[in-house]
Amino acid sequence: MHINRADGTLDPSLDPGLSIDQLVSLYKAMVRTRVVDDRLERLQRQGRIAFHVGSMGEEAAIIGAAAALRDHDWIVPCYREVGALLWRGYPLQRYIDHMYGNAGDPVRGRQMPDHTFSREHRYLAVSAPIGTQIPHAVGMAMAAKKRGLDECVGVFFGDGATSSNDFHAAMNFAAVYQAPVLFLCRNNGYAISLPAERQTAVPRLSEKGAAYGVPALRVDGNDVLAVWKSVREGVRRATEGDGPTFVELATYRLGGHSTSDDPRAYRGDDEVERWRKADPLRRLRAHIERRDAWSEAMDADWRAACESEVRECVQRAEETPAAELGDLFTDVYAEPPWHLREQRAQCLDGPRAEGEEHEP
Amino acid sequence: MHINRADGTLDPSLDPGLSIDQLVSLYKAMVRTRVVDDRLERLQRQGRIAFHVGSMGEEAAIIGAAAALRDHDWIVPCYREVGALLWRGYPLQRYIDHMYGNAGDPVRGRQMPDHTFSREHRYLAVSAPIGTQIPHAVGMAMAAKKRGLDECVGVFFGDGATSSNDFHAAMNFAAVYQAPVLFLCRNNGYAISLPAERQTAVPRLSEKGAAYGVPALRVDGNDVLAVWKSVREGVRRATEGDGPTFVELATYRLGGHSTSDDPRAYRGDDEVERWRKADPLRRLRAHIERRDAWSEAMDADWRAACESEVRECVQRAEETPAAELGDLFTDVYAEPPWHLREQRAQCLDGPRAEGEEHEP
Amino acid sequence: MTSMNLVQAIRSGLREAMRQDDDVMLLGEDIGKLGGVFRVTQGLEEEFGADRVLDTPLSETGIIGTAIGMALHGLRPVSEIQFADFIYPGFDQLVNEAAKYRYRTAGELHVPMVVRTPYGGGIRGGQYHSQSPEALFIHTPGLKVVCPSNPYDAKGLLMEAIRDEDPVIFFEPKRVYRAVKMDVPDEPYAVPLGQAKVVRSGAQVTCVAWGAMLYEAFSAAETAAGQGVDVEVIDLRTLWPLDIDTLVSSVEKTGRFVIVHEAPRTCGFGSELVALLTERAFLHLEAPPVRVTGWDTPFPLTHEREYLPLAHRIVPALLETARY
Amino acid sequence: MTSMNLVQAIRSGLREAMRQDDDVMLLGEDIGKLGGVFRVTQGLEEEFGADRVLDTPLSETGIIGTAIGMALHGLRPVSEIQFADFIYPGFDQLVNEAAKYRYRTAGELHVPMVVRTPYGGGIRGGQYHSQSPEALFIHTPGLKVVCPSNPYDAKGLLMEAIRDEDPVIFFEPKRVYRAVKMDVPDEPYAVPLGQAKVVRSGAQVTCVAWGAMLYEAFSAAETAAGQGVDVEVIDLRTLWPLDIDTLVSSVEKTGRFVIVHEAPRTCGFGSELVALLTERAFLHLEAPPVRVTGWDTPFPLTHEREYLPLAHRIVPALLETARY
Ligand SMILES: Cc1ncc(C[n+]2csc(CCOP(=O)(O)OP(=O)(O)O)c2C)c(N)n1
Ligand SMILES: Cc1ncc(C[n+]2csc(CCOP(=O)(O)OP(=O)(O)O)c2C)c(N)n1
Ligand SMILES: [Mg+2]
Ligand SMILES: [Mg+2]
């Protein structure tokens with residue numbers, strides 16, 4: 001599906017009729033996410049944060065899908081969807097604190113950067129193992145259904161994750177139990193270095209729905225309107241008792257897999273250039289400009305506002321002390337058993353690490 | 001696909017043209033397997049063997065597929081396919097010895113009954129965890145392909161196994177690497193007590209091929225000719241470099257899951273009775289009788305011959321001593337390390353278990 | 001009070017937990033109409049309906065993975081893994097997800113769930129229906145591991161595990177399922193997690209066991225008594241977190257100990273117990289610790305009674321330790 | 001001889017093994033053009049072709065499961081699991097299949113394969129890029145477990161592991177990958193499995209370590225020497241089967257020992273070493289055994305240097321043990 005054309009016009013037969021305010025909000029959120037991404041990448045290169053996994057090029061897929069879910073629907077993320085969390089109003093400061101693993105980090109310096117969560121925003125916790133979150137989403141959806149709640153769950157994952165054990169189990173359980181869940185597959189062309197064409201022998205990931213009896217479609221993931229419309233339709237199906245839907249969001253990862261990656265080792269600049277032209281920000285901007293709801297000046301202002309917002313958050317994060325050492329030992333269990341109380345005391349009362357680790 | 005009609009006639013447009021001798025051999029093998037099954041079930045009820053998992057009703061699927069593979073193609077079994085191993089000439093005595101875990105057991109009393117193998121007959125080793133053999137088959141097929149051998153691999157598994165992690169990984173790898181492998185899915189209607197309709201939301205397991213780009217078809221698994229023809233076509237594809245094929249062999253498990261099962265807890269007699277009428281032995285017999293290659297008298301003679309063969313094997317197996325105690329410690333590694341040499345000595349030199357285990 | 005075997009007591013625990021709390025759900029293979037291959041859940045689908053007793057597709061990844069999602073949503077899923085030998089397809093979900101959820105969300109989200117699974121040998125199950133993988137889970141911070149030896153403890157521990165806020169792996173000694181009967185209250189009750197039980201007090205050697213091997217340890221202790229050696233037998237009941245105090249005081253008293261378990265010796269839970277007790281009771285030790293365990297081979301079939309650490313192997317260990 | 005870091009030495013081992021034997025194949029995620037996320041396989045796809053260096057779909061089940069099939073067919077697959085933390089989706093294939101194949105076919109079929117995987121902390125990887133799950137595999141009869149600490153051993157052990165007829169899990173200390181350089185022969189050579197190495201001899205305390213922690217143990221020993229305590233440091237190299245003789249003779253000499261590892265303490269390999277050495281050198285022991293290990297929590301991020309058993313925690317353990 002394809003609605004927002006490159007020239008900024010919409011396919012009138014498919015236009016889901018979002019208001020211009022909504023479209024502008026979406027655009028602004030996409031730009032903000034991009035600005036945050038840019039800044040974090042620079043911070044990592046400067047050695048000020050350890051790691052970042054960005055979403056450059058995938059903003060329409062991520063934020064469009066988040067917008068189509070209702071605020072009380074759960075989002076179960078992979079690790080590249082912080083744009084969806086920010087869309088829901090998660091404070092940017094909290095995210096940046098998390099990136100620094102400091103005392104303001106909601107996960108208390110226990111996880112790598114970009115592995116945050118927010119119960120309040122109904123956004124489950126990121127974990128690194130690929131695919132594991134997919135059955136969680138199905139279980140949550142089954143729980144919501146059992147409790148008779150008008151609630152569904154949208155779970156994000158990548159093209160690579162379709163090969164995981166968890167994807168297979170989750171799709172099957174979702175169909176068997178008709179769980180109100182949306183499988184939001186960000187096909188960004190690569191699983192680190194492996195192109196999607198070598199991940200699987202089928203040309204479209206949406207063909208995987210057929211194995212399970214999960215209705216599936218593929219949409220242009222760089223077209224925020226197509227994303228919104230298909231996901232909203234999935235929400236409707238889920239909440240009307242029609243079970244799961246699989247939506248392949250066909251997009252492209254413009255950046256490296258993460259700041260640890262060097263994409264030039266496995267793909268050509270020409271390919272990236274081609275996709276830069278399909279940048280989802282550019283496309284939506286063309287549309288809202290065409291409708292006179294946006295302009296060059298507004299764009300510059302908004303970017304500047306986002307930049308200064310991030311700058312302030314970063315400054316505060318760098319001034320915030322590290323997460324407490326004692327936090328190392330809490331939350332393993334609801335109540336710390338004897339051995340953790342003992343180990344905590346040994347650690348806190350023992351010698352501190354100084355200087356470097358020892359290598360010959 | 002359906003070729004051998006209930007009245008014994010064949011659909012001429014689909015008849016693969018097996019010779020009447022071949023058909024008689026197939027029938028005889030099917031009867032022999034049934035007789036062996038019957039006898040083992042009785043032995044288990046008499047407490048003379050611990051366990052048996054039979055193939056009553058599935059003989060056409062198993063033996064038809066084995067016959068369509070070439071002798072040098074590997075068979076990778078689930079646990080219900082001893083008929084395929086016997087078809088390849090595995091000595092019945094060896095199988096019965098295995099069922100007794102005695103000194104003649106090729107696995108030296110280390111595995112449960114019906115978990116045998118034969119390298120010589122290119123029949124891999126049965127293991128109990130469901131689905132794990134499927135990627136082995138793909139790896140073997142990839143190896144055969146890499147070595148340029150004219151060899152393919154047929155792997156058996158049940159309807160339940162399609163939900164396993166291993167099925168998913170194996171189908172995907174097979175398609176990505178175009179491995180010369182045949183996925184032989186015995187859909188016998190149940191995974192222990194769970195009906196296939198509740199195992200997955202798709203009505204035909206062959207629909208699962210679409211997710212991977214593995215050509216898939218469903219055939220009447222009680223029709224040995226349809227089984228043979230579809231599997232042989234898969235062999236042709238595999239060996240001509242066209243990659244994997246998935247064949248759903250739609251059949252029915254007339255007996256319990258194993259001798260430990262009580263199928264009346266989850267299915268009605270009427271259902272079983274309906275399927276008894278579709279017994280694959282009956283159907284093939286009707287055909288070969290119609291062609292005057294078989295008769296009531298020949299049938300009785302053949303059954304009697306099989307029965308006395310089994311009886312003799314059982315008698316010999318019961319006279320054979322148990323597998324040696326020292327065998328407990330060999331074959332963990334190619335060479336026993338110190339700890340196993342030590343443990344072996346402790347065990348052999350230590351006290352022997354007597355009488356019963358201790359329960360209050 | 002009703003006289004119940006282990007299967008009946010566990011069923012009673014499940015039933016009472018489900019009656020008390022509508023959020024308790026069961027998931028597993030063949031647990032519906034069939035009532036599970038060991039019939040533990042017999043009658044529960046009938047009583048509570050197929051939306052609380054989910055007879056699932058054949059996927060341990062799916063069972064454990066969706067149970068985690070249910071628990072995150074506030075339900076209390078109790079999964080059955082048909083045999084402990086088949087828990088590995090769900091291993092990633094247990095060790096990387098269930099075990100770490102509370103930690104990685106700083107306590108805001110957690111996974112109150114129970115995974116029940118029959119374990120151990122003695123039913124002629126060979127290498128795939130006899131395993132005792134408890135050590136793998138004890139090595140995983142964030143999981144609790146329980147293993148009752150008798151019907152009374154089983155029901156009480158199970159009900160407590162279901163109420164517990166952390167993920168609990170609940171190992172059921174399948175060899176004991178129908179072999180032991182005792183009076184069990186029909187109403188709900190709890191046996192707290194984390195408390196071992198001295199089932200026989202003695203002065204000369206401490207013998208630690210759990211699950212099915214408790215009976216072997218007990219019987220060996222009786223035999224040893226006949227030969228003048230007075231053995232204290234401890235049933236761990238909860239393997240982790242361990243009741244360290246009960247163990248240390250016993251060993252401080254006896255100065256000698258023998259650990260019994262079915263799993264292979266190397267890196268089995270016995271090694272941790274030896275390490276903990278040696279570290280903590282070093283000056284009291286009068287004999288080297290001894291482990292009587294399964295051998296370091298896959299679980300065999302024909303010779304399973306020579307593989308298992310049955311009384312005939314425990315008795316000499318007790319006598320030698322006492323006389324060291 | 002070329003000066004190589006650990007990554008280069010392992011790559012050299014793979015390259016030589018592949019040149020020697022056309023049956024040696026590589027499988028793993030991103031191991032092709034990218035050369036793996038740590039670049040260990042860089043250049044190998046180019047040299048040996050994409051049909052010997054399989055850049056696989058994202059499935060550890062598929063990688064290990066198909067590798068088993070290849071090994072059964074006579075190939076010598078060497079799989080890379082991108083991080084040890086991600087080995088669990090393939091755990092069932094490793095413990096139920098690879099480990100048990102030889103046993104369950106009475107030696108007629110077996111699985112000569114190697115699974116390489118970077119393990120351990122120190123690279124700011126948090127709970128999913130820092131784990132040390134060696135104990136889980138040591139507990140599994142049928143698997144061998146190797147963990148080199150330096151480039152020379154790594155190449156020699158890897159080449160030997162590839163030639164070995166049994167499945168070998170080969171843990172690579174990722175913290176050492178680029179941190180250590182030493183002269184390594186360009187040609188093939190073997191370091192035999194099952195032999196530990198005394199890297200510093202000493203009379204008063206035995207300190208056992210492996211992988212990245214060897215350097216911490218060594219450094220702690222030097223510090224202790226400055227305080228008058230003479231420590232013997234042993235690099236295990238092969239974790240299982242263990243070189244028991246080297247360990248026991250050392251402890252018989254010193255009467256005291258300290259085990260160091262990154263994995264959580266409980267049911268870590270340290271507990272087995274404590275148990276074995278206590279059982280076998282009981283009368284020589286003059287101090288309780290000590291384990292300096294990762295804490296029993298998931299692996300943290302910010303405080304990983306307080307989680308790891310670095311020299312600052314080993315030194316006091318050595319001194320206290322020596323002075324006990
Ligand atoms: C089970 C597992 N195996 C391997 C990895 C290493 N890894 C991290 S991200 C990644 C690729 C994921 O690709 P995809 O699912 O397409 O998501 P994307 O990063 O493209 O958004 C891999 C292989 C992992 N995290 N988990
Ligand atoms: C991983 C795993 N989970 C559970 C089991 C227990 N189990 C043994 S057979 C079986 C059903 C298999 O059904 P299917 O694949 O249809 O094969 P069939 O027995 O019908 O031939 C189950 C659940 C197992 N062996 N392995
Ligand atoms: Mg991707
Ligand atoms: Mg079946």
Side-chain angles (χ1 to χ4, degrees), chain B residues 74 76 105-111 115-120 124-129 131-147 149 151 153 155 164-166 168-174 176-177 179 181 323 327 330-340 342, chain D residues 22-23 25 27 51-52 54-75 77 89-90 92-93 95-113 141-144 164-167 193-194 238 240-245 276:
Chain B
W74 280 88
V76 179
D105 175 10
V107 301
R108 301 201 188 153
R110 288 175 187 162
Q111 284 241 71
H115 289 60
T116 191
F117 80 103
S118 175
R119 185 191 178 125
E120 179 191 344
L124 273 199
V126 171
S127 78
T132 48
Q133 78 280 14
I134 317 179
H136 304 172
V138 175
M140 295 202 62
M142 289 166 73
K145 180 175 172 178
K146 176 188 173 267
R147 295 180 149 173
L149 301 174
E151 198 179 291
V153 182
V155 55
S164 70
N165 298 340
D166 305 277
H168 183 57
M171 289 284 281
N172 192 40
F173 274 56
V176 166
Y177 297 109
V181 61
D327 279 349
T330 50
D331 303 320
V332 182
Y333 300 95
E335 297 295 332
W338 64 272
H339 67 291
L340 285 169
E342 220 178 78
Chain D
D22 193 48
D23 286 337
M25 311 258 306
L27 299 82
D51 66 329
R52 285 185 71 196
L54 302 185
D55 208 335
T56 65
L58 207 167
S59 168
E60 289 75 14
T61 302
I63 293 169
I64 296 171
T66 57
I68 291 172
M70 292 176 191
L72 287 168
H73 205 283
L75 297 181
D92 189 37
Q93 284 287 346
V95 307
N96 265 339
E97 297 295 328
K100 297 177 173 52
Y101 225 104
R102 180 187 291 281
Y103 196 71
R104 77 170 194 247
T105 60
E108 271 206 49
L109 290 164
H110 68 289
V111 180
M113 70 178 207
L143 299 179
K144 294 182 176 173
D164 199 90
E165 296 297 334
D166 292 310
L193 305 192
T238 297
W240 202 259
L242 183 70
D243 183 353
I244 187 75
D245 294 337
L276 282 173

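Every heavy atom of this structure was used, including side-chain atoms; hydrogens, water molecules and symmetry mates were not. Chain letters run A, B, ... following the sequence lines, proteins first, then strands; residues in each count from 1.
- Every residue two or more places apart in sequence or in another chain that forms a ring pair (Phe, Tyr, Trp, His ring centres under 6.0 Å) with His339(B) is listed here: Trp240(D).
- Looking at Asp245(D), there are no atoms closer than 4.5 Å to chain B (heavy atoms on both sides), in backbone or side chain.
- At a 4.5 Å heavy-atom cutoff, Ile134(B) makes no contact with chain D through either its backbone or its side chain.
- Not one N or O on the side chain of Glu97(D) forms a donor-acceptor pair closer than 3.5 Å with the backbone of Ile68(D).
- Here Pro57(D) pairs with Ser163(A), Gln199(A), Asn172(B), Phe173(B), Val176(B), Tyr177(B) under the side-chain contact (heavy atoms from CB on, under 4.5 Å) rule; sequence neighbours left out.
- Salt-bridge annotation for Asp331(B) and Arg104(D): absent, with no side-chain N of the basic residue lying under 4.0 Å from a carboxylate O of the acidic one.
- Between atom CG of residue Leu340(B) and atom CD of residue Glu335(B) there is a gap of 12.0 Å, rounded to the nearest 0.5 Å.
- Interface summary for chain D: among Arg108(B), Glu120(B), Arg147(B), the most heavy-atom pairs under 4.5 angstrom belong to Arg147(B).
- Heavy-atom pairs under 4.5 Å with chain D peak, among Pro106(B), Ser127(B), Ala143(B), Ala179(B), at Ser127(B).
- Residue contact with chain B, scored on non-hydrogen atoms closer than 4.5 Å, is absent for Lys100(D).
- Nearest heavy atom pair, residue Pro129(B) against residue Asn96(D), reads CG-ND2, 3.7 Å.
- Looking at Ala170(B), there are no atoms closer than 4.5 Å to chain D (heavy atoms on both sides), in backbone or side chain.
- Gln133(B) has its side chain within reach of Val155(B): a pair of non-hydrogen atoms, C-beta onward, lies under 4.5 Å apart.
- Listed options Arg119(B), His115(B), Met142(B), His168(B) were ranked by heavy-atom pairs under 4.5 angstrom with chain D; first place goes to Arg119(B).
- Chain B forms the most heavy-atom pairs under 4.5 Å with one residue out of Ile63(D), Leu27(D), Ile64(D), Asp164(D), and that residue is Ile63(D).
- In this structure, chain B has heavy atoms under 4.5 Å from both the backbone and the side chain of Glu108(D).
- Using a 4.5 Å cut-off between heavy atoms, Ala174(B) makes no contact with chain D at all.
- There is no contact between Val153(B) and chain D, counting heavy-atom distances below 4.5 Å.
- Considering CG of Leu276(D) and CD1 of Ile244(D), their distance stands at 4.5 Å, rounded to 0.5 Å.
- Looking at Asp166(D), its side chain never comes within 3.5 Å of a backbone N or O of Val111(D) through a donor-acceptor pair.
- Of the listed residues Ser118(B), Ala141(B), Ala125(B), the one with more heavy-atom pairs under 4.5 angstrom with chain D than any other is Ala125(B).
- When the candidates Met25(D), Glu165(D), Gln93(D) are compared by the number of heavy-atom contacts under 4.5 Å with chain B, Gln93(D) comes out ahead.
- For Glu342(B), the CD atom sits in a packed shell: over 12 heavy atoms of surrounding residues, nucleotides or ligands are nearer than 6.0 Å.
- For chain D, no part of Asp105(B) is nearby; none of its heavy atoms comes within less than 4.5 Å.
- Interface remark: Pro337(B) contributes side-chain atoms only to the contact with chain D (heavy atom separation under 4.5 Å).
- If you measure heavy-atom distances from Ala137(B) to chain D, you find no contacts under 4.5 Å at all.
- Both the backbone and the side chain of Thr132(B) come within contact range of chain D, judged by heavy atoms closer than 4.5 Å.
- Between the side chain of Tyr333(B) and the backbone N or O of Leu143(D) there is at least one donor-acceptor pair closer than 3.5 Å.
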